[in-house]
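For reference, positions follow the sequence shown, starting with 1.
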Amino acid sequence: MAPAADREGYWGPPTSTLEWCEENYAVSYYIAEFWNTVSNLIFILPPIYGAIRTYKDGLEKRYLAAYLCLTAVGLGSWCFHMTLKYEMQLLDELPMIYSCCVFVYCLYECFKYKNTVNYPMLFILITYSFIVSIVYLKLKQPVFHQIMYGTLVSVIVLRSVYIVLWVYPWLRGLGYTSLTVFLMGFFLWNVDNIFCEKLRALREKMPPVLGAVTQFHAWWHILTGLGSYLHILLSLYTRTLFLKHRPKVKRIIGVIFSPAFMQELCSPNTGARTCSGVFYVSHMFLLHVPRAGHFKTQGGQPRSVITESWNH
């Protein structure tokens with residue numbers, strides 16, 4: 001039986017193996033878990049922009065796949081929380097496995113020459129995804145999915161820590177920020193699960209707007225979506241450094257910069273040509289990857305107009 005605070009809605013009774021703490025159809029008759037649904041925009045919009053920039057600038061297709069997989073997670077999660085149907089739950093959970101496999105491949109192939117393919121790793125990751133999918137479809141046990149997903153995340157974390165500690169120490173700020181944001185989301189996910197009854201009782205006494213702030217599963221979406229996006233940024237930064245580009249991370253507070261505006265910042269009264277490159281934008285961070293020949297030289301040495309690094 002559904003909790004008393006839940007209501008009937010457009011999609012009918014839930015068929016998913018999981019239900020979260022948000023009250024069903026409390027905000028909209030057409031959306032089962034409103035805040036858990038709309039919070040998936042963080043998984044959808046920034047990665048779409050990143051994918052578009054990756055395609056236009058001809059970067060390696062693996063990063064295009066990483067952005068699109070993150071978008072797929074957001075779309076699947078949107079459908080799941082909107083309907084609470086089992087089929088939509090699979091559309092949410094299985095792409096989480098697939099996207100992490102893409103992240104693993106990107107991160108472990110950062111130090112390879114261009115146009116190389118690691119077929120053994122591809123085989124291992126595809127086999128892992130296939131086995132997890134088949135077993136999960138048979139068992140229908142969310143704990144199994146969580147363990148398999150956590151295993152991939154652990155592999156990503158270990159590799160990221162290795163890179164920021166031993167290879168490119170100046171990337172610690174970006175790496176630790178990505179990890180911290182993700183872990184904050186994981187912490188709130190657990191709070192939402194463990195203290196659900198108390199949170200629901202608290203929301204009954206609060207105005208709806210304030211009650212929305214206590215939807216910690218929605219915060220899990222926001223924080224893990226941002227953390228995952230920043231991880232792709234870290235992976236891209238590492239890759240471009242290895243390929244001898246000169247990427248810079250710009251910290252943007254409250255503003256999403258467009259490439260056109262950044263081009264203006266690249267050449268004010270410097271005599272340099274307009275700086276051209278690739279811009280990866282989240283709500284707070286931007287990565288600029290200059291391309292060869294796009295900077296005016298002085299004494300035969302390339303000069304970058306943008307000089308701010310992460311540590312600054």
Side-chain angles (χ1 to χ4, degrees), residues 46-71 98-122 124-126 152-179 181-182 226-251 259 262 275-282 284-295 302 304 306-311:
I48 286 177
Y49 180 85
I52 292 172
R53 297 307 310 173
T54 298
Y55 176 78
K56 286 185 175 180
D57 292 287
L59 296 183
E60 293 170 307
K61 297 299 188 292
R62 70 186 71 166
Y63 291 103
L64 177 62
Y67 281 121
L68 292 180
C69 282
L70 193 58
T71 301
Y98 308 150
S99 63
C100 277
C101 286
V102 174
F103 295 167
V104 169
Y105 184 84
C106 289
L107 202 59
Y108 277 80
E109 291 297 293
C110 280
F111 305 110
K112 301 292 180 64
Y113 293 107
K114 292 188 69 173
N115 302 319
T116 60
V117 179
N118 189 335
Y119 289 104
M121 178 173 288
L122 279 179
I124 292 172
L125 292 173
I126 292 173
L152 289 171
V153 171
S154 298
V155 172
I156 292 171
V157 169
L158 290 174
R159 181 65 168 178
S160 300
V161 170
Y162 165 76
I163 289 173
V164 300
L165 285 182
W166 303 107
V167 184
Y168 298 131
W170 54 89
L171 294 184
R172 289 178 184 175
L174 179 56
Y176 291 163
T177 299
S178 173
L179 178 59
V181 170
F182 192 95
L226 180 58
S228 299
Y229 185 88
L230 292 179
H231 166 74
I232 300 177
L233 200 65
L234 172 67
S235 182
L236 245 175
Y237 200 127
T238 303
R239 180 63 175 159
T240 53
L241 283 174
F242 176 78
L243 295 176
K244 308 303 182 184
H245 294 294
R246 301 176 62 187
K248 299 293 179 181
V249 171
K250 302 286 290 185
R251 206 178 326 196
M262 285 304 302
C275 129
S276 175
V278 186
F279 298 88
Y280 295 89
V281 179
S282 74
M284 298 174 60
F285 305 94
L286 175 148
L287 174 64
H288 172 240
V289 185
R291 290 185 170 185
H294 285 188
F295 292 96
S304 172
I306 297 181
T307 59
E308 180 184 357
S309 69
W310 175 268
N311 291 330

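- By the 6.0 Å contact criterion, OH on Tyr176 is enclosed, its count of non-hydrogen atoms from other residues, nucleotides or ligands being greater than 12.
- Applying the ring-ring contact (aromatic ring centres under 6.0 Å, His included) criterion to Tyr98, with sequence neighbours excluded, gives no partner residue.
- Donor-acceptor pairing under 3.5 Å is lacking for the side chains of Tyr168 and Thr238.
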Quiz item: Run the side chain to side chain contact (heavy atoms under 4.5 Å, CB included) check on Val157 and Phe182 step by step: do they pass?
Solution: CA-CA 11 Å; Val157 169; Phe182 192 95; over 6 Å; no
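- Tyr67 places none of its side-chain heavy atoms less than 4.5 Å from the side chain of Ile48.
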Quiz item: Passes side chain to side chain contact (heavy atoms under 4.5 Å, CB included), Thr177 versus Leu230? Steps please.
Solution: CA-CA 8 Å; Thr177 299; Leu230 292 179; 4.0 Å; yes
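- Between the CG atom in Leu125 and the CG atom in Leu152 there is a gap of 7.5 Å [rounded to 0.5 Å].
- Going from atom SG of Cys106 over to atom CG of Leu234 covers 11.5 Å, rounded to the nearest 0.5 Å.
- Atom CD1 in Ile156 sits 8.0 Å away from atom OG in Ser228 (nearest 0.5 Å).
- Here the side chains of Ser99 and Leu70 are not in contact, with every heavy-atom distance at 4.5 Å or above.
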Practice problem: Before giving the answer on side chain to side chain contact (heavy atoms under 4.5 Å, CB included), spell out for Val104 and Arg159 the whole-Å C-alpha distance, their side-chain angles and the decisive distance to 0.1 Å. | Solution: CA-CA 9 Å; Val104 169; Arg159 181 65 168 178; over 6 Å; no
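- Looking at Tyr63, its side chain never comes within 3.5 Å of a backbone N or O of Gly50 through a donor-acceptor pair.
- The aromatic rings of Phe242 and Phe111 sit perpendicular, their planes meeting at an angle over 60°, well past the 30° parallel limit.
- For Arg62, the salt bridge (charged side-chain N to carboxylate O under 4.0 Å, His left out) partners are Glu60, not counting sequence neighbours.
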